[in-house]
K.L.:
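Structure provided below as structure tokens; questions to follow.
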Amino acid sequence: MSNSTINTTTTSESIDNKNMGTQTNKPATMPEHIVLDKWADSGFEWAGVMSPVNFERLAALLADEHEQPKMQITANLYRRNNLLHLAFNVAGEVWLTCQRCLQPVAIDLTDNYDMALLEDESQMNLLDEEQDYLLLDEILIEQLPERLLPFKKLIEDEILLKTPMAPKHDDCELEIDQVGDIPEEEVENPFAALAALKGKL
């Protein structure tokens, strides 16, 4: 099975049926969506260097005081054992604001991800015990006659789940003077709802 591959250096627009299967050396963007019915069987690959600020929700968490390094991202939509998968790798870090000293702190986001995309719940019995999965009915965008997979959003969802909501240096001092100990409150992760979309057996 041969996959279509696109190499890019920037972010954020949809790829349609006309330009999705060609390679280019020109600066391009990570597709917002891909046409599922066109690429589910033939496979789809994407690779590019991304700035964290090009992910809108992630950008809201970044430290303004530090230049954000680029991240290398590779992604692959493929079918295995009659199950559709979206796998991707993120290599890089972001700078957030330490919640103790209010100075920038580097957070490593390097990781590998692989999630099954199920047509319905009857396919759950085909999964490995620890396989993450999403139901296509819950994530697809219907634009008849096409079904669009929210490619960029799914990748950003996983990056956000790995991003701490209360980042701290391993060893730093509080920015303000204080008397006695101030207990640290647990900060609820507003992106925790994303994890609920991923099924666990």
K.L.:
Measure the spacing between CD of Glu142 and CG of Asp137 and express it to the nearest 0.5 Å.
P.N.:
8.0 Å
K.L.:
With rounding to the nearest 0.5 angstrom, report the CG to CG distance, Leu149 to Leu136.
P.N.:
7.0 Å
K.L.:
Ignoring hydrogens, what is the shortest heavy-atom contact between Pro164 and Leu96? Give both atom names and the distance.
P.N.:
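Shortest heavy-atom contact: O-CD1, 3.9 Å.
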K.L.:
Can you tell me how far CG of Asn89 sits from CG of Asn112, rounded to the nearest 0.5 angstrom?
P.N.:
4.5 Å
K.L.:
Should Trp95 and Leu160 be counted in the same cluster of Ile, Leu, Val, Met, Phe, Trp and Tyr side chains packed under 4.5 Å apart?
P.N.:
no
K.L.:
With heavy-atom distances below 4.5 Å as the criterion, would you say the side chains of Met165 and Leu61 are in contact?
P.N.:
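When only atoms from C-beta onward are counted, Leu61 and Met165 do touch, with a gap below 4.5 Å.
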K.L.:
Measure the shortest side-chain to side-chain distance between Leu84 and Leu36 over non-hydrogen atoms and say whether it is less than 4.5 angstrom.
P.N.:
yes
K.L.:
Check this for me: Glu67, atom CD, are more than 12 non-hydrogen atoms of other residues, nucleotides or ligands nearer than 6.0 Å?
P.N.:
no
K.L.:
With side chains defined as the heavy atoms from C-beta onward, is the minimum distance between Met30 and Ile73 less than 4.5 Å?
P.N.:
yes
K.L.:
So how far is it from Met50 CE to Lys152 NZ, rounded to the nearest 0.5 Å?
P.N.:
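Spacing of CE (Met50) from NZ (Lys152) equals 5.5 Å.
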K.L.:
Kindly state whether the ring of Phe44 and the ring of Tyr78 have centres lying under 6.0 angstrom apart.
P.N.:
no
K.L.:
With a 4.5 Å limit on heavy-atom distance, are the side chains of Lys153 and Asp157 in contact?
P.N.:
yes
K.L.:
Should we count CD of Gln72 as having more than 12 external heavy atoms under 6.0 Å?
P.N.:
yes
K.L.:
For Asn82, give me all partners under side-chain hydrogen bond (donor to acceptor under 3.5 Å, both in side chains), at least two apart in sequence or on another chain.
P.N.:
none
K.L.:
Would you compute the distance between atom CZ of Arg79 and atom CG of Leu117 and round it to the nearest 0.5 angstrom?
P.N.:
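Spacing of CZ (Arg79) from CG (Leu117) equals 9.5 Å.
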K.L.:
Within the 4.5 Å heavy-atom criterion, are Met71 and Leu109 side-chain neighbours or not?
P.N.:
yes
K.L.:
Give the intermediate values and the outcome of side-chain contact (heavy atoms from CB on, under 4.5 Å) for residues His85 and Asp114.
P.N.:
CA-CA 7 Å; His85 288 253; Asp114 190 313; 2.9 Å; yes
K.L.:
Measure the CZ-CH2 distance between Phe88 and Trp46 for me, rounded to the nearest 0.5 Å.
P.N.:
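Between Phe88 CZ and Trp46 CH2, I get 11.5 Å after rounding to 0.5 Å.
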K.L.:
Any heavy-atom pair between the side chains of Leu140 and Leu148 that's under 4.5 Å?
P.N.:
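Not touching, per the 4.5 Å side-chain cut-off.
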K.L.:
Checking side-chain contact (heavy atoms from CB on, under 4.5 Å) for the pair Ile107/Glu93: CA distance, chi angles, key distance, verdict?
P.N.:
CA-CA 5 Å; Ile107 302 297; Glu93 64 182 18; 5.9 Å; no
K.L.:
Is it true that, when you exclude Asn81 itself, more than 12 heavy atoms of the residues, nucleotides or ligands shown sit nearer than 6.0 Å to its CG?
P.N.:
no
K.L.:
Short question: side chain of Glu156, backbone of Arg57 - any donor-acceptor pair under 3.5 Å?
P.N.:
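Looks like yes, one N/O pair under 3.5 Å.
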K.L.:
For His169, which residues count as a ring pair (Phe, Tyr, Trp, His ring centres under 6.0 Å) partner, sequence neighbours excluded?
P.N.:
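His169: no ring pair (Phe, Tyr, Trp, His ring centres under 6.0 Å) contacts found.
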K.L.:
Output yes when a side-chain donor or acceptor of Lys168 lies under 3.5 Å from a complementary backbone atom of Ala166, and no otherwise.
P.N.:
yes
K.L.:
Quick check: closest heavy atoms across Pro69 and Pro52, and the distance to 0.1 Å?
P.N.:
O-CD, 3.1 Å
K.L.:
Assess whether side-chain contact (heavy atoms from CB on, under 4.5 Å) is satisfied between Tyr113 and Glu158, documenting all intermediate values.
P.N.:
CA-CA 8 Å; Tyr113 304 85; Glu158 296 301 310; 3.7 Å; yes
K.L.:
Do Leu135 and Ile139 have side-chain heavy atoms sitting under 4.5 Å apart?
P.N.:
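The answer is no; the side chains never approach within 4.5 Å.
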K.L.:
Is there a side-chain contact between Leu127 and Leu118, using heavy atoms and a 4.5 Å cut-off?
P.N.:
yes
K.L.:
Who pairs with Asp37 by salt bridge (charged side-chain N to carboxylate O under 4.0 Å, His left out), at least two apart in sequence or on another chain?
P.N.:
Arg147
K.L.:
For Met124 and Tyr133, run side-chain contact (heavy atoms from CB on, under 4.5 Å): C-alpha distance rounded to whole Å, both residues' side-chain angles, the deciding distance at 0.1 Å, then the answer.
P.N.:
CA-CA 9 Å; Met124 290 182 183; Tyr133 68 86; 3.2 Å; yes
K.L.:
In chain order, what residues pass the side-chain contact (heavy atoms from CB on, under 4.5 Å) check against Asp120, with sequence neighbours excluded?
P.N.:
Ser122, Gln123
K.L.:
Could you name each residue pair satisfying salt bridge (Lys or Arg N to Asp or Glu O under 4.0 Å) that touches residues 101-113, not counting sequence neighbours?
P.N.:
Asp111-Lys162
K.L.:
Please identify each residue that fulfils side-chain contact (heavy atoms from CB on, under 4.5 Å) with Glu65, with sequence neighbours left out.
P.N.:
Ala63, Thr97, Pro104
